[in-house]
Amino acid sequence: MFWNEKIETMPPAELAALQLDRLKQTLLQVQNVEFYRIKLKEAGIRPGDIRTLDDVQKLPFTVKQDLRNGYPFGFFAVPLQKVVRIHTTSGTTGKPTVVGYTCNDLETWADLIARNLTMVGLTDRDIFQNMVNYGMFTGGLGFHYGAEKVGMTVIPSATGNTRRQIEMIQDFGVTAIHCTPSYAMHLAEVAEEMNAPLESLKTGLFGAEPWSNSMRKELESKLGVTAYDSYGLSELFGPGVAFECTERDGLHIWHDCYLVEIINPVTGEVLGDGERGELVVTPLKKEAMPLLRYRTGDITMKFEDGCLCRRGQKIARITGRSDDMLVIRGINVFPSQIEHVLLRIPEVGNQFMVYVDRINHLDEMTIEVEINRNYFSGELADLARIQKKVVKELRDTLELRTTVKLVEPGSLPRFEGKAKRVVDRRGEM
Ligand code: DLL
C-alpha cells in the first residue's frame, strides 16, 4: 500500500513542521530568480517573515504568463550545469513554458509517481503500457521512471498506432495502462472493432485532462479496468501531484511536496474547505524551478474525508480550468458537464465537439455528437427524436439552449493526447 510509509502517514503536526521547513527553504531558493527577488522586495518580504504556514498568504502569486515572460530559462534557480532535463508545456499560443529539473528533482518526481502506483496496488509484478507522448510532454517520461522505480515491466509504447497498442496489450499480458481518458475511449472503440478482448488488463491510470465519473464507468465497463484519476502539471514536475486511492473519492495530494490553497479566481481571496475555486500550489521540494503560489487555473476544492489510507486533505476531481470555463450567455459551462450529459444518452456516442459563436451579439453553442447506430432506426423521424432528446437533456443540466448536430459514427476527430473539444470562435469576425 505504501511506497514511502513514513512520509505518507506522517502525523499532522510533524507534517506541518516539515512543510514549514521546506517553505522557508523554498523562499531562500527563489532568491536565485530575478523575478522573485524583485517581487519579494516590492512586497517588502524577507525570508524571516515566514513563521507559520499561513504566512504563505503574504507571498505574491505566480501566473503562467510570468513563466512565459521568463522564456526560456528565466525561472531557473540553479546554474544550467545543474539542470539535467527540460520539458515544456504544450501552450496554446506563443512560446511554451519551459520547466527544468536537477538530478534531485527527477528523483523526487519518480518517488511521487512510485507512491501513486503503489497506492493503487501496483507492484513489480505488473506489466505497464505507457500510452502517452514521450517527448516534451511530462506524462511519458514522468510515469516511465516512476514505474521503473517500482520495478514494473514498462512498455514505452507512447502514442499512435492503436491497433499495434492493442496487440501489445494482448501479447505482453499488460495489466496496467496509462493514457488520457479520451485516448482510452478510442482504444476501447478500436478493440471492439478488432473484436480483441483485453483480458489481462486490470488497472487504468487516466489523467492530463478533465473527465467525468460517467466516463469512468464507461471506460471501466469497456476496458475491464479499475480506473484512477491522476492529476499534475508540468510546472509542478508533471503528473504525480495528486492521485486517487482505491476509495476513488477525491485525490490525495502529496502534502510534503505541495502546499495547497484554493482561491477565488476573480478576487484572489483564499477560500475554505468545501469551497470550489482555483487551485494554487507552492511546491516545497523543487530545486531547479521553485515557484511561489503558482496559480494552476484548475478548479477544485479541498476537503477532509477521513480516508483511512493516507492522512491530510484531498482535492476533488478537477472540473475544468478557470480559463477554459465557457461563459455562454452568462452561464458557466464546463466541457466535462457536456460530456457527462452525452454519456448518459445511449442513442449518441461518446465523441463530441463544441463550437461557440457570437451571432447577432448572442452566444450560440453548437454541439456535434456522433449517432450510435445500435439505437438508431435509420429513419429521419428517429433522428429528430434523438436530437430533441439531446437538446432537452443538455438544457436540463446546463440550463442553456444549445444547437445539436448529429453526425456519422467515426466522423469526429479522435485524440491521442489531450482532447481539444472546444472551439470558441467568438473572438473571430
Ligand atoms: O498534463 C501532466 C500529466 C500527465 C498529468 C499525465 C496527468 C497524467 P500539462 O501538460 O502541463 O501536464 O497540463 C496540465 O492539464 O493544469 C489541468 O488543467 C490538466 N489536467 C491534468 N491532469 C488532470 C486531471 C500534464 N486528472 C494541465 N483532471 C492541468 C483534469 C487535468 N485536468
Side-chain angles (χ1 to χ4, degrees), residues 62-64 67-68 86-92 96-101 109-110 112-113 116-117 120 128-147 156 158-159 176-184 204-213 215-216 219 227-245 248 250-254 258 260 265 276 278-281 283 289 291 294-301 314-325 334-337 339-340 415-422:
T62 311
V63 296
K64 204 175 184 71
L67 303 185
R68 290 212 180 104
I86 280 169
H87 281 284
T88 60
T89 64
S90 41
T92 42
T97 305
V98 176
V99 284
Y101 305 76
W109 188 18
L112 291 176
I113 299 285
N116 295 328
L117 299 173
V120 298
F128 175 65
Q129 192 155 315
N130 198 18
M131 299 186 284
V132 291
N133 180 319
Y134 263 69
M136 303 311 281
F137 178 59
T138 51
L141 289 177
F143 263 86
H144 184 99
Y145 285 108
T159 53
I177 53 171
H178 170 228
C179 57
T180 58
S182 29
Y183 187 63
L205 314 173
F206 305 125
E209 63 184 6
W211 54 305
S212 59
N213 259 327
M215 177 89 130
R216 186 208 302 272
L219 286 174
Y228 295 98
D229 191 11
S230 149
Y231 169 75
L233 55 155
S234 317
E235 295 87 336
L236 307 177
F237 289 143
V241 176
F243 213 89
E244 282 180 331
C245 64
R248 297 186 302 151
L251 289 82
H252 286 283
I253 189 151
W254 302 113
Y258 301 108
V260 174
R276 212 169 267 282
E278 181 178 348
L279 177 70
V280 172
V281 181
M289 208 170 124
L291 296 169
Y294 186 66
R295 290 187 59 163
T296 64
D298 294 320
I299 303 292
T300 180
M301 61 181 177
K314 287 180 174 180
I315 57 167
R317 284 168 87 86
I318 308 285
T319 36
R321 289 187 56 81
S322 57
D323 52 7
D324 85 4
M325 181 176 78
F334 289 106
S336 59
Q337 289 176 293
E339 176 197 283
H340 190 76
F415 302 94
E416 285 178 350
K418 291 171 197 271
K420 294 190 185 68
R421 299 192 194 281
V422 179

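Counting convention: from 1, in listed order, for ligands and their atoms alike. Predicted model, so just to flag it, every value in this text is computed and none were measured.
Pairing each heavy atom of Thr159 with each of Met131, the nearest pair is CG2-O, 3.8 Å.
Between Leu279 and Val260 the shortest side-chain heavy-atom distance falls below 4.5 Å.
The only member of Tyr228, Tyr231, Trp211 that meets ring pair (Phe, Tyr, Trp, His ring centres under 6.0 Å) when paired with Phe206 is Trp211. Applying the side chain to side chain contact (heavy atoms under 4.5 Å, CB included) test between Leu205 and each of Asp229, Ile177, Leu117 identifies Leu117 as the sole match.
The Gly232 neighbourhood of ligand 1 comprises atoms 2 (C), 5 (C), 12 (O), 14 (C), 21 (C), 22 (N), 25 (C), 29 (C), with distances under 4.0 Å to a heavy atom of that residue. In the vicinity of Asp298, heavy-atom distances shorter than 4.0 Å reach the ligand 1 atoms 16 (O), 17 (C), 18 (O), 29 (C). Set against the non-hydrogen atoms of Thr138, the atoms of ligand 1 under 4.0 Å away are 2 (C), 12 (O). Listed by atom number, the atoms of ligand 1 under 4.0 Å from Pro239 heavy atoms are 2 (C), 3 (C), 4 (C), 5 (C), 6 (C), 7 (C), 8 (C). Atoms of ligand 1 found under 4.0 Å from any heavy atom of Gly139 (numbered from 1 in listed order, with element): 4 (C), 6 (C).
With a 4.0 Å cut-off on non-hydrogen atoms, Phe137 touches ligand 1 through its side chain and not its backbone. Using a 4.0 Å cut-off between heavy atoms, Leu233 contacts ligand 1 through both its backbone and its side chain.
Residue His178 has no N or O atom closer than 3.5 Å to an N or O atom of ligand 1. An N or O contact shorter than 3.5 Å links Ser234 to ligand 1 by distance.
Using cut-offs of 30° and 60° on the angle between ring planes, the pair Phe243 and Phe143 is tilted. Aromatic ring orientation, His144 versus Tyr134: perpendicular (interplanar angle above 60°, classes split at 30° and 60°). The aromatic rings of His178 and Phe128 sit parallel, their planes meeting at an angle under 30°, below the 60° perpendicular limit.
Distances from ligand 1 to the non-hydrogen atoms of Gly297 include no value under 4.0 Å.
Comparing Ala208, Gly417, Pro181 by heavy-atom distance to atom 22 (N) of ligand 1, the nearest is Ala208. Distances from atom 27 (C) of ligand 1 to the heavy atoms of Met136, Lys418, Glu209 put Lys418 nearest.
The backbone N or O of Met136 sits less than 3.5 Å from a side-chain atom of His87, completing a donor-acceptor pair.
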